[in-house]
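Structure record follows, encoded as structure tokens.
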Amino acid sequence: MRSAARDEVDGLWRCELRAGTTALPSPCLVVSWTGVLRDCARVPLPSPALVSWCPSRGQTWWVARTWALVLAAGAGTRFGAVAGGASKAMVSVAGRSMVGWSVEAAGVACDGVTLVVAPSMVEEQYTGVDVIVEGGDTRSGSVRAGLATVPGDVDVVVCHDAARPGASAGLFERVIAAVRGGVDAAVPALAVSDTLKRVPEWGDSGGVVAGTVNRSGLFGVQTPQAFRRAALVAAHDGEPEATDDAALVEAAGGTVMAVPGEAAAHKVTTAADLVVVEALLGGRGSGDGL
Ligand code: CTP
Ligand code: MG
């Protein structure tokens, strides 16, 4: 056992379970679980044999604290100019801003929300946001800016593009559950439905097809993406760049799980995407206009 100290509140021993744990004092409150499930299990006298099953056997346990980073600091170049010079993330869809939808879903599923915005948006008022921080020049830089604001006792961090306003709270919960289950990261994925061609050189009038890619086993991934905090922090070491964070965790040798995605979590990249998401979100009703 790595650490044990008498808990000041209820007299239990506070314990951390790790690989190689051979004994625990009794009675004990397990406060850490092999780096994945923290703030964790109130278990009756776990022995080494019990350690491997205690959460899944339905004991009473407190799950890891979760924190969402809602990324809204992009320039929206492909979307084009927004009236009044506003950011793409503040564009309204189905009655409220993309930021408003994204923050709401994140807040339902997570214990806290950091909103990462462009410098021009820092002074705005936002509902349901715990921390507002200025983003970086790239998406990866914005994630790092957000990550720096996450409280120390959080173990699962969820990165979400504000440009996916249709992602439901249930989708956040699905990726979080997968990380709690023991993987380093979890991403929503939808099977690719278009036929895929390789076009090595693409010019103004198109390009010559070099071949067709077998799409079986190919998935498009979305956000929210959930991470074991330590895995996300390690993956960002050295300030690497990628279009999503799961790619960085993969590159660092981590285990990434794909879970079923949602059509409504479609990303608003161009103005045409707004029409698609508007239609997908229309039935949910509008919020408070944020
Ligand atoms: N993002 C960010 N900080 C950046 C770049 C992107 O927070 N420096 C966020 C965007 O606000 C968006 C998400 O990352 O919610 C996905 O990025 P993307 O769809 O590419 O949006 P933009 O970068 O804003 O658009 P574009 O690439 O066309 O400029
Ligand atoms: Mg971009």
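The structure displayed is predicted, hence computed values, not measured ones. Sequential numbering from 1 along the given sequence is applied to the chain's residues. As the structure lists them, so they are numbered: ligands from 1, and atoms in each ligand from 1.
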Legend entry - Closest protein heavy atom (residue, atom, distance) for atom 3 (N) of ligand 1: Ser142 OG, 2.7 Å
Legend entry - Structural part of Arg164 in contact with ligand 1, heavy atom criterion under 4.0 angstrom: neither
Inset, instruction - Identify the heavy atoms of Arg229 and Val150 that sit nearest to each other, and give their distance. - result: NH2-O, 3.0 Å
Legend entry - Closest protein heavy atom (residue, atom, distance) for atom 26 (P) of ligand 1: Thr77 N, 3.5 Å
Legend entry - Gly135 near ligand 1 by a heavy-atom separation under 4.0 Å: no
Legend entry - ligand 1 atoms in contact with Asp137 (distance to a heavy atom under 4.0 Å): 8 (N)
Inset, instruction - Determine which pairs satisfy salt bridge (Lys or Arg N to Asp or Glu O under 4.0 Å) with at least one residue from residues 67-83, sequence neighbours left out, and list them in order. - result: none
Inset, instruction - Report yes or no: does a heavy atom of Val116 sit under 4.0 Å from some atom of ligand 1? - result: no
Inset, instruction - Please report the closest heavy-atom contact between Thr223 and Arg139, naming both atoms and the distance. - result: CG2-NH2, 3.9 Å
Legend entry - Member of Asp184, Val256, Asp245 meeting the side chain to side chain contact (heavy atoms under 4.5 Å, CB included) criterion with Glu250: Val256
Inset, instruction - Could you point out which residue of Val259, Thr255, Val249 forms a side chain to side chain contact (heavy atoms under 4.5 Å, CB included) with Val183? - result: Thr255
Inset, instruction - Check whether any heavy atom of Ala162 sits under 4.0 Å from an atom of ligand 1. - result: yes
Legend entry - Proximal atoms of ligand 1 relative to Asp161 (non-hydrogen, under 4.0 Å): 13 (C), 14 (O), 15 (O), 16 (C)
Legend entry - Nearest-contact summary for atom 24 (O) of ligand 1 - protein heavy atom, Å: Gly76 N, 2.8 Å
Legend entry - N/O separation below 3.5 Å, Thr269 to ligand 1: no
Legend entry - Residue and atom name of the nearest protein heavy atom (relative to atom 11 (O) of ligand 1), distance in Å to one decimal: Gly74 N, 2.9 Å
Inset, instruction - Can you pull out the closest protein heavy atom to atom 19 (O) of ligand 1? Residue, atom name and distance to 0.1 Å, please. - result: Lys267 NZ, 2.7 Å
Legend entry - Leu69, Ile176, Thr66 screened by side chain to side chain contact (heavy atoms under 4.5 Å, CB included) with Val157, the one that passes: Leu69
Inset, instruction - Name the closest protein heavy atom to atom 28 (O) of ligand 1, giving the residue it belongs to and the distance to 0.1 Å. - result: Arg78 N, 2.8 Å
Inset, instruction - Quick one: closest heavy-atom pair of Ala186 and Val179, and the distance? - result: N-CG2, 3.9 Å
Inset, instruction - Answer yes if Leu218 and Val221 sit in the same cluster of Ile, Leu, Val, Met, Phe, Trp and Tyr residues linked by side chain heavy atoms under 4.5 Å apart, and no otherwise. - result: no
Inset, instruction - Only one of Val143, Asp244, Asp161 passes side chain to side chain contact (heavy atoms under 4.5 Å, CB included) with Gln225; say which it is. - result: Asp244
Legend entry - Closest protein heavy atom to atom 9 (C) of ligand 1, given as residue, atom name and distance to 0.1 Å: Leu71 O, 3.8 Å
Inset, instruction - Look at the side chain of Trp101 and the backbone N and O of Leu281, then say whether any donor-acceptor pair between them is shorter than 3.5 Å. - result: no
Inset, instruction - Give the atoms of ligand 1, by number and element, whose distance to some non-hydrogen atom of Gly136 is under 4.0 Å. - result: 8 (N)
Legend entry - Residue and atom name of the nearest protein heavy atom (relative to atom 7 (O) of ligand 1), distance in Å to one decimal: Ala73 N, 2.9 Å
